Amino acid sequence: MLRTLAEEFIVHDIAPPAAATFLAENSTEGVQGFIDSGIVYHVAEIDGVIAGFVAVRDRKHLFHLFVDRAWHRRGIARRLWDVARQAAIDAGGAGCFTVNSSNYAMPVYEKFGFVRTAPTQESKGLRYNPMQLGDSLVPPRQTENE
């Protein structure tokens, strides 16, 4: 599922070498490595089929959120995020989160309450939008009067 969705929504418009790197890093073996490193995954299963999954790193970074296309616009992403967010907080997280969003996913994260914190960035040929939920990770912005 990750590969199919990544090809459609993340790597479809980047250089083939960068796409290949992303897909290799996010292969079955790559995800197992993420799990082994402590990244926490939650899975949504409907009628015995995986509908989506979410992962949080260090109780503060939304690392993966993918929902099978057949289940888009049914609240699965929201439910996955709610479970992952609460689990991170219950495990000692402060409740402040970051995410590096694709252009496609930005409206979803905005509905979750994330706000963009910087212009579009690029790493390994992959473009993303830094976003944050909660105020304690980024210093407050100064107003014109300060």
Side-chain angles (χ1 to χ4, degrees), residues 1-15 17-141:
M1 175 190 322
L2 189 154
R3 182 180 186 93
T4 300
L5 294 170
E7 287 174 343
E8 182 174 356
F9 298 114
I10 298 174
V11 302
H12 65 281
D13 63 349
I14 64 174
T21 297
F22 179 87
L23 294 172
E25 290 174 352
N26 290 277
S27 65
T28 301
E29 295 80 18
V31 170
Q32 185 60 57
F34 298 145
I35 293 168
D36 293 345
S37 75
I39 294 176
V40 177
Y41 280 79
H42 302 272
V43 176
E45 185 179 321
I46 299 172
D47 296 329
V49 177
I50 294 176
F53 62 92
V54 63
V56 175
R57 182 180 67 216
D58 300 326
R59 298 182 308 274
K60 63 183 177 183
H61 182 74
L62 177 50
F63 186 70
H64 278 152
L65 177 57
F66 289 92
V67 175
D68 187 274
R69 202 167 214 329
W71 296 100
H72 281 194
R73 299 197 172 281
R74 297 188 189 192
I76 304 297
R78 166 61 81 177
R79 284 182 262 170
L80 280 165
W81 169 237
D82 288 346
V83 166
R85 181 180 161 278
Q86 191 60 54
I89 292 168
D90 290 348
C96 299
F97 296 89
T98 57
V99 66
N100 295 329
S101 176
S102 68
N103 288 335
Y104 179 82
M106 280 187 63
V108 173
Y109 295 130
E110 287 170 344
K111 286 180 183 176
F112 294 171
F114 283 85
V115 295
R116 188 178 186 144
T117 58
T120 302
Q121 309 287 309
E122 186 172 320
S123 176
K124 300 180 189 177
L126 185 67
R127 288 180 296 281
Y128 64 92
N129 303 286
M131 300 183 81
Q132 171 183 307
L133 175 68
D135 293 331
S136 69
L137 296 177
V138 173
R141 295 180 189 180

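Nothing here was measured: the structure is a model prediction, and the numbers come from that model.
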In chain order, what residues pass the side chain to side chain contact (heavy atoms under 4.5 Å, CB included) check against [X], with sequence neighbours excluded?
{"X": "D68", "result": "M1, A70, W71"}
{"X": "T21", "result": "E25, K124"}
{"X": "N100", "result": "H61, Y128, P130"}
{"X": "V115", "result": "none"}

For the residue pair F34 and F63, does the interplanar ring angle fall in the parallel (under 30°), tilted (30 to 60°) or perpendicular (over 60°) class?
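Plane angle over 60°, so perpendicular.
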Can you say whether the rings of H64 and Y41 are parallel (under 30°), tilted (30 to 60°) or perpendicular (over 60°)?
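Correct class here is tilted.
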Side chain of [X], backbone of [Y]: donor and acceptor closer than 3.5 Å?
{"X": "S102", "Y": "I10", "result": "no"}
{"X": "Q121", "Y": "P119", "result": "yes"}
{"X": "R116", "Y": "A118", "result": "yes"}
{"X": "R78", "Y": "K111", "result": "yes"}
{"X": "R85", "Y": "W81", "result": "no"}

Identify, with sequence neighbours excluded, every residue that meets side-chain hydrogen bond (donor to acceptor under 3.5 Å, both in side chains) alongside R3.
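side-chain hydrogen bond (donor to acceptor under 3.5 Å, both in side chains) check on R3 returns E7.
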Going by the rule ring-ring contact (aromatic ring centres under 6.0 Å, His included), which residues pair with Y109 if we only count those two or more places apart in sequence or in a different chain?
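Applying ring-ring contact (aromatic ring centres under 6.0 Å, His included) to Y109 gives F114.
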At what distance, to the nearest 0.5 angstrom, does OG1 of T120 lie from CG of N129?
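Those atoms lie 4.0 Å apart.
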In Å and rounded to the nearest 0.5 Å, what is the OG to CZ distance from S27 to F22?
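The distance works out to 11.0 Å.
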Taking C-beta and beyond as the side chain, do F66 and L5 meet within less than 4.5 Å on heavy atoms?
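Touching, per the 4.5 Å side-chain cut-off.
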Assess, by modelled atom type and distance only, whether the side chains of Q86 and D82 contain a donor and an acceptor separated by less than 3.5 Å.
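Side-chain D/A pair, Q86 to D82: absent.
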Step through the shown structure and confirm whether more than 12 heavy atoms of other residues, nucleotides or ligands are within 6.0 Å of CD1 on I46.
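Enclosed.
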